[in-house]
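Scroll down for the structure; my scribbles are underneath it.
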Amino acid sequence: MRFKTKLKIFLIILIIFMLWYFFIYKPRLEKQKLSEMDISDSKQKHILWGYPVCENDMIFEYEGFVSGYDTVKLNPLWVSYNLKKEYLKGQKFLKERKFAPDPSLDKDLQAANEDYTKSGYDRGHLARQADMKGRSKKCELESCFFTNISPQKQDFNRETWNNLERAVDDLTMRYDETWIITGPYFDDEIDLLKKRVEIPDGFYKIAILRKGKTFHPLAFVLDMESQSTDLEKYTVSIDSVESLTGIDFFHELADSLENPFESKLLPIPYGWK
DNA sequence: TTTGGTGT
């Protein structure tokens, strides 16, 4: 056989191999990997696949959620919690809402009711109070600590953000359980509430929906001026939340799983409404 | 329904 013929055969085999690898083997491998992601690796109650890796956060563990609080910005940088259907269907123990500082933290290092009064900004829950029901009175009370509160514009908190939170609750009712990480983001310009509490530019929310062994990640970024109720407009990849906030999420996932998981643009499950 | 506000 002539050299040229050998080369042709070799190239044909190579091309067939590459086609097989990229279009059959690799997609199948990735699909398998996603279905193999195991929550038993995550030992923490409120956190899936490792604590967020974040600068300047002081960690507070509560019955229903964990907060990474920034004692300079006087905002949580992230809060994380697990949400189950039975919590949402469960009983509410608290009739009134009472915002309060966390008694375990020095008052100078956290926001206070006076910072928000007549400021025009709502005391915005990050771990939703409605997500803390079905557990205990303590759980609901702790969600009103300022370690779980960020300034939110009224319209944003009560409409756009509320709409997203209700959507995540609705999705949770259709899955086995959900892990939620949510927090504010800030640009370089510092706006303060009563010269103390930094006003965020917007908020992110990551929700990992689990059904059986499969995980459906979702991520949203909404600036404080957002008014649309079309949530598709706010969907982003987890990577883009990381570059916006400087926080590394799910670092306990192996890189081979974390990279494809976090880089994808994440569509809302079909027929979610 | 839940998200909040102010004033007592």
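Basis for what follows: all heavy atoms, side chains included, without hydrogens, waters or symmetry-related copies. All chains are named by letter (A, B, ...) in the order of the sequence lines, taking the proteins before the strands, and each is independently numbered beginning at 1.
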Should the pair A:K205 and A:F220 be classed as cation-pi, given the thresholds of under 6.0 Å to the six-membered ring centre and 45° from the axis? no
Does anything in residues 86-108 of chain A form a ring pair (Phe, Tyr, Trp, His ring centres under 6.0 Å)? List the pairs, not counting sequence neighbours. A:F99-A:H125
Using distance only, find each side-chain donor-acceptor pair of residues 188-202 of chain A under 3.5 Å and give its atom names and separation, not counting sequence neighbours.
residue: A:K194; atom: NZ; partner: A:E114; partner atom: O; Å: 2.7
residue: A:K194; atom: NZ; partner: A:T117; partner atom: O; Å: 2.8
residue: A:R196; atom: NE; partner: A:D115; partner atom: OD1; Å: 3.2
residue: A:R196; atom: NE; partner: A:D115; partner atom: OD2; Å: 3.3
residue: A:R196; atom: NH2; partner: A:Q110; partner atom: O; Å: 2.8
residue: A:R196; atom: NH2; partner: A:D115; partner atom: OD2; Å: 2.9
residue: A:E198; atom: OE1; partner: A:K73; partner atom: NZ; Å: 3.3
residue: A:D201; atom: OD2; partner: A:D187; partner atom: N; Å: 2.6

Is the phosphate of B:dT2 approached by A:K133 (side-chain N or O, under 4.0 Å from OP1 or OP2)? yes
Rounded to whole Å, CE of A:M132 lies from C1' of B:dT2 at a distance of 14 Å
Please state how far atom CG in A:D115 lies from atom P in B:dG4, giving the value in whole angstrom units. 17 Å
Take atom CG of A:L94 and atom P of B:dT1, then tell me their distance rounded to the nearest Å. 18 Å
Hey, what do you get for OG (A:S67) to CG (A:D102), rounding to the nearest 0.5 Å? 9.0 Å
Using a cutoff of under 3.5 Å, can you pull out all pairs of nitrogen or oxygen atoms linking the protein to nucleotides 5-8 of chain B, with atom names and distances?
residue: B:dG5; atom: OP1; partner: A:R123; partner atom: N; Å: 3.0
residue: B:dG5; atom: OP1; partner: A:R123; partner atom: NH1; Å: 2.6
residue: B:dG5; atom: OP2; partner: A:R123; partner atom: NH1; Å: 3.3
residue: B:dG5; atom: O4'; partner: A:R158; partner atom: NH2; Å: 3.2
residue: B:dT6; atom: OP1; partner: A:K118; partner atom: N; Å: 2.6

What integer distance in Å separates A:L83:CG from B:dT2:C1'? 14 Å
Atom CD of A:E140 and atom P of B:dT2 are separated, to the nearest Å, by 10 Å
CE of A:M224 versus P of B:dG4: gap in Å, rounded? 13 Å
Rounded to the nearest Å, what distance is computed from the NZ atom of residue A:K95 to the P atom of nucleotide B:dT3? 17 Å
Classify the nucleic acid contact of A:E159 as base, sugar-phosphate or nothing, counting any heavy atom under 4.0 Å across all strands shown. nothing
Has the side chain of A:N162 got a donor or acceptor atom sitting under 3.5 Å from an opposite partner on the base of B:dT2? yes
As a quick check of understanding, evaluate side-chain contact (heavy atoms from CB on, under 4.5 Å) for A:I12 and A:F17, giving each step before the final call. CA-CA 9 Å; A:I12 288 168; A:F17 172 80; over 6 Å; no
Can you say whether the rings of A:W49 and A:F250 are parallel (under 30°), tilted (30 to 60°) or perpendicular (over 60°)? perpendicular
Under 4.0 angstrom between A:H125 side-chain N/O and B:dT3 OP1 or OP2: no
Main-chain N/O of A:Y116 paired to A:R123 side chain as donor or acceptor, under 3.5 Å: no
Measure the distance from CD on A:Q129 to P on B:dT1 and round it to the nearest whole Å. 16 Å
